[in-house]
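Report on one structure; see the data block that follows.
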Amino acid sequence: MTDLCEGGMEDLWSIAVVLLQVWFSVMIGFIMIPAMFGLSLGVTSVYIQILVKILEVTMNILWCETGTKVSISTREGGSMEQEMGELRRYRTQSISRGEFALSDSFYFYIKGLESIVDDQVTQRFSSEELVSWNLLTRTNHNFHYISLRLTIIWGLGVIIRYCVLFPLRITLAIIGLTWLVIGTTLVGFLPNKRLKNWLSELVHLMCYRICARGLSATIQYHNKENKPQNGGICVANHTSPIDIVILANDGCYAMVGQSHGGLMGVIQRSMVRSCPHVWFERSEMRDRNAVTSRLRAHVAAKTNLPILIFPEGTCINNTSVMMFKKGSFEIGGTIYPVAIKYDPRFGDAFWNSAKYNMVNYLLRMMTSWAIVVNVWYLPPMTRREGEDAAQFANRVKSAIAHQGGLLDMAWDGSLKRAKVKEEFKERQQKMYSSMVMGKKGRNSQEPHTEGTRRQ
């Protein structure tokens with residue numbers, strides 16, 4: 001009896017070893033090696049096409065079961081003077097007379113309620129709404145109970161995502177990061193010559209491509225003739241930490257950021273040995289002059305890789321571009337704008353750092369359907385004569401928003417963790433007081449708007 005049990009265990013162990021060998025053979029032969037050389041066997045594109053068909057079937061089932069379609073309404077607004085004039089339309093009194101009317105208070109009540117119900121700023125720090133359920137529980141926990149068909153599709157999706165895709169992605173991520181640490185460390189021992197730079201770029205590209213395959217990333221790059229060049233500054237809108245993987249999958253960049261400890265610190269220290277990344281200590285990050293000086297020194301060396309900067313300073317939810325910090329545009333040199341737009345149907349790429357830590361966020365990414373993203377390289381831009389850094393930053397931001405189909409917002413992304421500045425409140429008060437005093441407050445305030453936003 002004991003011999004039979006031992007024989008059975010050996011058979012099971014042998015089967016497990018064979019399955020493991022097949023697993024790694026398929027992963028290395030069909031995923032890793034093609035990824036290292038930037039090749040694609042077309043498996044991911046077929047997978048995405050199948051997902052699109054499944055999501056279309058899901059939408060049709062939802063409409064058939066609920067009998068309704070989702071519509072999105074928009075609200076149009078005018079200036080303070082126009083809207084107050086609308087409130088006074090039943091009175092003979094007009095705003096031009098410069099007198100106070102009790103009905104004016106309703107304008108501020110309406111604006112306050114609209115800010116609570118439809119806040120344009122805080123909406124950018126939560127996951128964007130979808131027209132239909134994408135079979136991921138983050139959209140709506142109740143959708144998969146609408147019908148038996150949806151329940152079956154959702155259940156099969158859970159099995160595929162957690163039992164097939166998740167182990168594969170974890171394995172690829174571990175291999176990619178391990179290779180990055182080992183490869184960059186070894187390259188760092190080479191003399192500072194052309195061979196070292198070439199090997200450093202090769203290692204970085206290979207590792208980032210493996211990590212991108214670990215997210216089932218399907219990336220479409222547009223206008224490659226505008227790719228950032230050495231000695232330049234690449235600026236892009238910021239949705240997720242994986243923005244770095246998406247961009248570095250097509251070229252090497254010098255990263256800029258704060259020095260960390262733990263696993264992230266190990267990766268940073270190994271990377272900087274082979275490539276001139278710019279890592280700052282926490283005390284240095286508070287010194288704006290020190291940061292600017294180091295970045296200027298990097299840009300001055302035209303052989304250095306382009307610096308990658310996300311001027312928003314925080315992650316925005318893939319619907320908008322918020323105010324760019326002007327510090328990145330005071331360095332000088334050529335700016336290479338890049339617009340990044342994720343397809344939310346296959347997974348929510350936005351990192352809500354207030355809700356999820358990095359580990360939880362990466363687990364959500366690895367259990368989503370895929371990461372589908374479009375990247376546009378915009379023509380290089382330089383600072384015009386007489387243009388200050390804030391105006392230049394706003395011009396670049398507008399170009400990125402227009403190309404990516406994103407909302408161009410003037411609000412500062414730091415409002416994610418800070419209160420609205422008193423200047424914004426005072427501006428509304430001054431506009432109304434100027435109107436009551438019989439002046440055209442709106443025109444008198446507009447020249448100061450941009451300056452106030454940039455302060």
Side-chain angles (χ1 to χ4, degrees), residues 38 180 184 194 196-209 211-212 217 219-257 271-272 274-280 291-292 294-313 315 321 324-342 373-384 387 389 392-404 406:
L180 180 64
T184 52
R194 185 176 300 177
K196 177 180 179 180
N197 295 334
W198 180 78
L199 287 175
S200 174
E201 293 186 19
L202 184 63
V203 169
H204 278 83
L205 278 174
M206 286 183 173
C207 295
Y208 281 122
R209 285 170 177 170
C211 290
I219 313 169
Q220 185 68 38
Y221 298 98
H222 305 273
N223 307 324
K224 285 194 172 186
E225 66 275 10
N226 297 324
K227 282 181 61 175
Q229 303 297 318
N230 288 355
I233 303 172
C234 175
V235 298
N237 57 301
H238 198 23
T239 303
S240 160
I242 64 176
D243 292 339
I244 296 173
V245 177
I246 298 301
L247 293 177
N249 192 60
D250 190 45
C252 289
Y253 297 89
M255 309 299 175
V256 179
M271 290 172 63
V272 80
S274 64
C275 183
H277 299 289
V278 185
W279 307 126
F280 296 97
V291 173
T292 303
R294 288 190 60 184
L295 294 180
R296 279 178 177 164
H298 181 97
V299 174
K302 298 303 180 182
T303 58
N304 285 340
L305 293 174
I307 296 178
L308 177 58
I309 300 178
F310 300 103
E312 289 170 299
C315 293
V321 182
F324 279 4
K325 310 292 185 183
K326 66 179 182 180
S328 306
F329 301 87
E330 294 174 331
I331 301 171
T334 304
I335 297 293
Y336 294 88
V338 177
I340 305 173
K341 176 65 176 178
Y342 293 88
V373 57
N374 281 279
V375 176
W376 290 273
Y377 297 113
L378 279 68
M381 302 174 69
T382 55
R383 194 164 162 181
R384 296 171 179 169
E387 186 178 43
F392 184 28
N394 189 59
R395 183 161 59 90
V396 174
K397 174 175 68 75
S398 298
I400 291 175
H402 176 74
Q403 180 63 76
L406 304 166

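- Counting only distance, with no hydrogens or angles, the side chain of D243 and the backbone of S240 share a donor-acceptor pair below 3.5 Å.
- Heavy atoms only, all atoms of each residue included: H277 and H204 are closest at NE2-NE2, 3.4 Å.
- Remark: H298 pairs with no residue by the side-chain hydrogen bond (donor to acceptor under 3.5 Å, both in side chains) rule, at least two apart or across chains.
- Between L205 and G251, the shortest heavy-atom contact is CD2-N, 3.7 Å.
- Applying the side-chain hydrogen bond (donor to acceptor under 3.5 Å, both in side chains) test to T239 and every residue at least two apart in sequence or in another chain returns nothing.
- In this structure, L247 CG and Y221 OH are separated by 7.0 Å, a value rounded to the nearest 0.5 Å.
- Below 30°, between 30° and 60°, or above 60°: for F329 and F392 the angle between ring planes is above 60°, a perpendicular geometry.
- Taken to the nearest 0.5 Å, the NE2 atom of H222 stands 10.5 Å off from the NZ atom of K224.
- Note that CD1 of I233 and CD1 of I307 are 5.5 Å apart. Values are rounded to the nearest 0.5 Å.
- Judged by distance alone, with hydrogens and angles left aside, the side-chain atoms of T184 form a donor-acceptor pair with the main-chain N or O of L180 at under 3.5 Å.
- One finds the OH atom of Y253 at 11.0 Å from the OH atom of Y336 (value rounded to the nearest 0.5 Å).
- In summary, E387 and R395 engage in a salt bridge, as defined by a charged side-chain N under 4.0 Å from a carboxylate O.
- Proximity of a side-chain donor or acceptor of E312 to a complementary backbone N or O of H238 within less than 3.5 Å is detected.
- Under 3.5 Å, the side chains of D250 and Y377 contain a donor-acceptor pair of N or O atoms.
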